[in-house]
A.B. asks: 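I have a structure I would like to understand better, so I am pasting it below and will then ask my questions one at a time.
One-based numbering along the sequence shown.
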Amino acid sequence: MMRSLYSGVSGLQNHQTRMDVIGNNISNVNTVGFKRGRVNFQDMISQQMSGAAKPTDEIGGVNPKEVGLGMTVASIDNIFNQGNLQSTGVSTDLAIQGNGFFIMKNGEESFYTRNGAFGLDSEGTLVNPANGMRVQGWMANEINGEMIVTTAAIPTDLVIPVGSKDPAKETTNVNFACNLNKNTPEITEGANEADIAKGTWNTEQKVYDSFGNTHMLSISFRRVEGNPNQWQATVQIDPDNADYTQTRIGLGTTDGVQNTFLVNFDNYGLLQSVTDSAGNATNPDGQIILQASYSVPDSNADENGNPYRQTMNINLGTIGSAIDTVTQSASKSTTKAYYQDGYTMGYLDNFKIDSSGIITGVYSNGTNRTLGQIAIATFSNDRGLEKAGDNTYVESNNSGMARIGESGVAGKGSLMAGALEMSNVDLSEQMTDMIVTQRGFQSNAKTIQTADTLLETVLSLKR
């Protein structure tokens, strides 16, 4: 009889624990990135009144007689099912689609979270503004003029220097493409200005010097008289100031070379060769790259008193190719420069984060530069993580060590910027569990009351 009392007590205690977990789930129904808990019960040890007996030749076997001594909590699991994603429009808000956790640092201690409500502090560090923990990832480093993120390195704080300068870069490469009209008339000796205009195709492209000043690169193409597949190109930087800039162009050098070169096409209209004014010709295959130089206005003179000259490469394309290459076909001339790599000085105005976690800075001079990448951590057993408050988790003995890498790789989820993952608590499910838990608590209380009534009956036998 006393056993039923203590069984009822264990039922009361553990149903109260389950109600505590349900209450915590419901209280966090609108907590970003919250993962609901689930209580599992199991019976306690049983008292054996008689053991089992095996069958004999005369009679069959007998089952054991056991009385259970109540129940206990088997586990309280964290359920890491995906929560719904809600768009916020805030560029620093991040949500993980799939497995993984953001890595946060408080000093040297690491925490893990699904809450991606991030922001920048006064120093430009990406943090959780609710507790100041710093988001971890990899900062980009400039290697050979290109920003590279090394994801094999140890993650560090991510700093987005809004308002920082992007220094001016001089134009070093200009790429040409498209077409020269095969039917353009030749310019004969003694032609008037109108005929010269009809037989010339002019192109212009902005380029930049080392100070970030804008210059105009002008290349005019005209048919060579007596050679149906040859054009003469004249190159000038700032045609209005040509006497000062003194543009020179050649193959591999610009020393003592003039500002013209000859372009030759084959009978299919494809680029065949180039000859500069010094008589240098290109190889029979490969890309055709000419070097152009010009004097930069308002620059320091060299030791001989000559103004500083800047050099750039002009790429006409690949011999024998029709892709991204100057061609000669019987259609409208469209030859133009489609790429140049110079720009003026700019400031970091904005940034964006893609699905791989790469942070790209957008500068006022129109350039985009990789700044860093957000790191993602996964675990062999994420249910083994311990809660550390502030919607964070820490490693435990049964979670396994954090496996850190970039999103979308090795089972890690992808990122969505401008969105947050909502709580995965289902209110209807929690309300149903609450009813079941309440009935279980009431039933255990009734067990205690009934056992007490039986004891009263026993005590009243002597009256």
A.B. asks: Taking the side chain as every heavy atom from C-beta outward, state whether T171 and L217 have any atom pair closer than 4.5 Å.
C.D. replies: no

A.B. asks: Could you check F265 against V326 for side-chain contact (heavy atoms from CB on, under 4.5 Å), going step by step and ending with a plain yes or no?
C.D. replies: CA-CA 9 Å; F265 297 95; V326 177; 3.8 Å; yes

A.B. asks: Would you find a donor on one side and an acceptor on the other, under 3.5 Å apart, between the side chain of S460 and the backbone of T457?
C.D. replies: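 At least one qualifying donor-acceptor pair exists.
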
A.B. asks: Flag the pair F102 / F118 as yes when their ring centroid distance falls below 6.0 Å, and as no otherwise.
C.D. replies: yes

A.B. asks: Please check if the side chain of S329 supplies one atom and the backbone of S331 the other of a donor-acceptor pair under 3.5 Å.
C.D. replies: no

A.B. asks: Do I160 and T92 have side chains that get closer than 4.5 Å, going by heavy atoms?
C.D. replies: no

A.B. asks: Quick one: does any side-chain atom of D121 pair with a main-chain N or O of E123 as donor and acceptor, under 3.5 Å?
C.D. replies: yes

A.B. asks: Do S396 and N398 meet the criterion of a side-chain donor-acceptor pair at a distance under 3.5 Å?
C.D. replies: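 Side chains of S396 and N398: no pair found under 3.5 Å.
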
A.B. asks: Kindly check if the number of other-residue, nucleotide or ligand heavy atoms within 6.0 Å of NZ (K332) is above 12?
C.D. replies: no

A.B. asks: Under the side-chain contact (heavy atoms from CB on, under 4.5 Å) rule, collect the residues that match up with T437, sequence neighbours excluded.
C.D. replies: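 Expected list: H15, R18, M19, I22.
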
A.B. asks: Do F41 and V73 have side chains that get closer than 4.5 Å, going by heavy atoms?
C.D. replies: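 Of all side-chain heavy-atom pairs linking V73 with F41, at least one is under 4.5 Å.
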
A.B. asks: Would you be so kind as to tabulate the donor-acceptor pairs closer than 3.5 Å made by side chains of residues 125-137, with sequence neighbours excluded?
C.D. replies:
unit_1: N128; atom_1: OD1; unit_2: A130; atom_2: N; d: 3.0
unit_1: N131; atom_1: OD1; unit_2: M133; atom_2: N; d: 3.0
unit_1: R134; atom_1: NH1; unit_2: D157; atom_2: OD2; d: 2.9
unit_1: Q136; atom_1: NE2; unit_2: R134; atom_2: O; d: 3.2
unit_1: Q136; atom_1: NE2; unit_2: D157; atom_2: OD1; d: 2.7

A.B. asks: If only side-chain N and O atoms count, and only distance matters, is there a donor-acceptor pair under 3.5 Å linking Y112 with E395?
C.D. replies: yes

A.B. asks: Taking atom CG of N202 as the centre, does the number of heavy atoms from other residues, nucleotides or ligands within less than 6.0 Å exceed 12?
C.D. replies: yes

A.B. asks: Pick from D324, I288, L316: which one makes a side-chain contact (heavy atoms from CB on, under 4.5 Å) with F176?
C.D. replies: L316

A.B. asks: When rounded to the nearest 0.5 angstrom, what distance separates CG in L69 from CE in M44?
C.D. replies: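 Those atoms lie 7.0 Å apart.
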
A.B. asks: Work out which heavy atom in T311 is nearest to a heavy atom in S293; give both atom names and the distance.
C.D. replies: OG1-CB, 3.9 Å

A.B. asks: Can a donor-acceptor pair be found, under 3.5 Å and without considering hydrogens, that links the side chain of T325 to the backbone of T318?
C.D. replies: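 Looks like yes, one N/O pair under 3.5 Å.
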
A.B. asks: Looking at Q236, is its backbone amide N or carbonyl O close enough to the side chain of S218 to form a donor-acceptor pair, meaning the two atoms are under 3.5 Å apart?
C.D. replies: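 No; zero donor-acceptor contacts below 3.5 Å.
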
A.B. asks: Give a yes or no on this: more than 12 heavy atoms of other residues, nucleotides or ligands lie within 6.0 Å of atom CD of E146.
C.D. replies: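 For E146, atom CD is not crowded (no more than 12 foreign heavy atoms under 6.0 Å).
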
A.B. asks: Contact between M345 and P167 at the side-chain level, heavy atoms closer than 4.5 Å - yes or no?
C.D. replies: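 The answer is no, as the side chains (C-beta and beyond) never meet within the 4.5 Å cut-off.
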
A.B. asks: With distance as the sole test, does D382 use its side chain to make a donor-acceptor pair with the main-chain N or O of F80 at under 3.5 Å?
C.D. replies: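 Side chain of D382 to backbone of F80: no pair is present.
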
A.B. asks: Around atom OH of Y338, are there more than 12 heavy atoms from other residues, nucleotides or ligands closer than 6.0 Å?
C.D. replies: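 For Y338, atom OH is crowded (more than 12 foreign heavy atoms under 6.0 Å).
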
A.B. asks: Looking only at side-chain N and O atoms, does N315 offer a donor or acceptor that is under 3.5 Å from a partner on N173?
C.D. replies: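 No, no side-chain donor-acceptor pair sits under 3.5 Å.
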
A.B. asks: Side chains of E406 and K412: closer than 4.5 Å at any heavy-atom pair?
C.D. replies: no

A.B. asks: When rounded to the nearest 0.5 angstrom, what is the spacing between CG in D266 and CD1 in I319?
C.D. replies: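 Nearest 0.5 Å value for the CG-CD1 distance: 10.0 Å.
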
A.B. asks: Less than 6.0 angstrom separating the ring centers of Y343 and Y363, yes or no?
C.D. replies: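 No, the ring of Y343 stays outside the 6.0 Å limit from the ring of Y363, centre to centre.
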
A.B. asks: Kindly compute the distance separating CD1 (I314) from CD1 (I219), expressed to the nearest 0.5 Å.
C.D. replies: 4.0 Å

A.B. asks: Taking atom CD1 of I143 as the centre, report whether more than 12 heavy atoms of other residues, nucleotides or ligands fall under 6.0 Å from it.
C.D. replies: yes

A.B. asks: Which residues satisfy the side-chain contact (heavy atoms from CB on, under 4.5 Å) test with T172, sequence neighbours excluded?
C.D. replies: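 Scan of T172 (side-chain contact (heavy atoms from CB on, under 4.5 Å), adjacent residues dropped) gives K169, E170, D341.
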
A.B. asks: Please indicate whether N40 has more than 12 foreign heavy atoms, meaning atoms of other residues, nucleotides or ligands, lying under 6.0 Å from its CG.
C.D. replies: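 Atom CG in N40 is packed in, count exceeds 12.
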
A.B. asks: One thing to verify: whether E429 and R38 come together as a salt bridge, which I'm taking to mean a side-chain N less than 4.0 angstrom from a carboxylate O.
C.D. replies: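 So R38 does not pair with E429 through a salt bridge.
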
A.B. asks: Quick one: does N424's side chain have a donor or acceptor within less than 3.5 Å of a partner on N81's backbone?
C.D. replies: yes

A.B. asks: Establish, from distance only, whether the side-chain atoms of Q291 and T254 form a donor-acceptor pair under 3.5 Å.
C.D. replies: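 On atom types as modelled, these side chains do not qualify, holding no pair under 3.5 Å.
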
A.B. asks: Return the set of residues passing side-chain contact (heavy atoms from CB on, under 4.5 Å) with S356 (not counting sequence neighbours), or none when no residue passes.
C.D. replies: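 By the side-chain contact (heavy atoms from CB on, under 4.5 Å) rule, S356 matches D354, I358, Q373, S407.
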
A.B. asks: For the atom pair OG (S355) and CD1 (I96), what is the distance rounded to the nearest 0.5 Å?
C.D. replies: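 Interatomic distance, S355 OG to I96 CD1, rounded to 0.5 Å: 13.0 Å.
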
A.B. asks: How about F211 and Y308: are their ring centroids closer than 6.0 Å?
C.D. replies: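 Judged by ring-centre distance (under 6.0 Å), F211 and Y308 do not meet the cut-off.
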
A.B. asks: Is there a side-chain contact between S333 and F221, using heavy atoms and a 4.5 Å cut-off?
C.D. replies: no

A.B. asks: List the atom pairs, with distances to 0.1 Å, where a side-chain N or O of residues 26-34 and a protein N or O form a donor-acceptor pair under 3.5 Å, not counting sequence neighbours.
C.D. replies:
unit_1: S27; atom_1: OG; unit_2: G23; atom_2: O; d: 3.3
unit_1: S27; atom_1: OG; unit_2: N24; atom_2: O; d: 2.8
unit_1: N28; atom_1: OD1; unit_2: T31; atom_2: OG1; d: 2.8
unit_1: N28; atom_1: ND2; unit_2: N24; atom_2: O; d: 2.9
unit_1: N28; atom_1: ND2; unit_2: N24; atom_2: OD1; d: 3.2

A.B. asks: Which pairs of donor and acceptor atoms, one on a side chain in residues 58-68, lie under 3.5 Å apart (sequence neighbours left out)?
C.D. replies:
unit_1: K65; atom_1: NZ; unit_2: S50; atom_2: OG; d: 3.4
unit_1: E66; atom_1: OE2; unit_2: Q48; atom_2: NE2; d: 3.4

A.B. asks: Enter the distance from S443:OG to Q438:CD here, rounded to the nearest 0.5 Å.
C.D. replies: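 S443 OG to Q438 CD: 10.0 Å, rounded to 0.5 Å.
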
A.B. asks: With heavy-atom distances below 4.5 Å as the criterion, would you say the side chains of I76 and V39 are in contact?
C.D. replies: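 Yes, side chains in contact.
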
A.B. asks: If you measure only the distance, is there a donor-acceptor pair under 3.5 Å linking the side chains of T344 and N365?
C.D. replies: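 Distance-only check fails for T344 and N365.
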
A.B. asks: Measure the shortest side-chain to side-chain distance between N444 and I448 over non-hydrogen atoms and say whether it is less than 4.5 angstrom.
C.D. replies: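 Counting from C-beta outward, N444 and I448 never come under 4.5 Å.
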
A.B. asks: Would you say the side-chain atoms of D77 pair up with the backbone N or O of I79, donor to acceptor, closer than 3.5 Å?
C.D. replies: no

A.B. asks: To the nearest 0.5 Å, what is the distance between CD on Q340 and OH on Y208?
C.D. replies: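 It is 6.0 Å, given to the nearest 0.5 Å.
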
A.B. asks: Among D209, V207, T245, I237, exactly one meets side-chain contact (heavy atoms from CB on, under 4.5 Å) together with Q310. Which residue is that?
C.D. replies: D209

A.B. asks: Using modelled atom types and a 3.5 Å cut-off, is there a donor and acceptor pairing between side-chain atoms of T447 and backbone atoms of A445?
C.D. replies: no

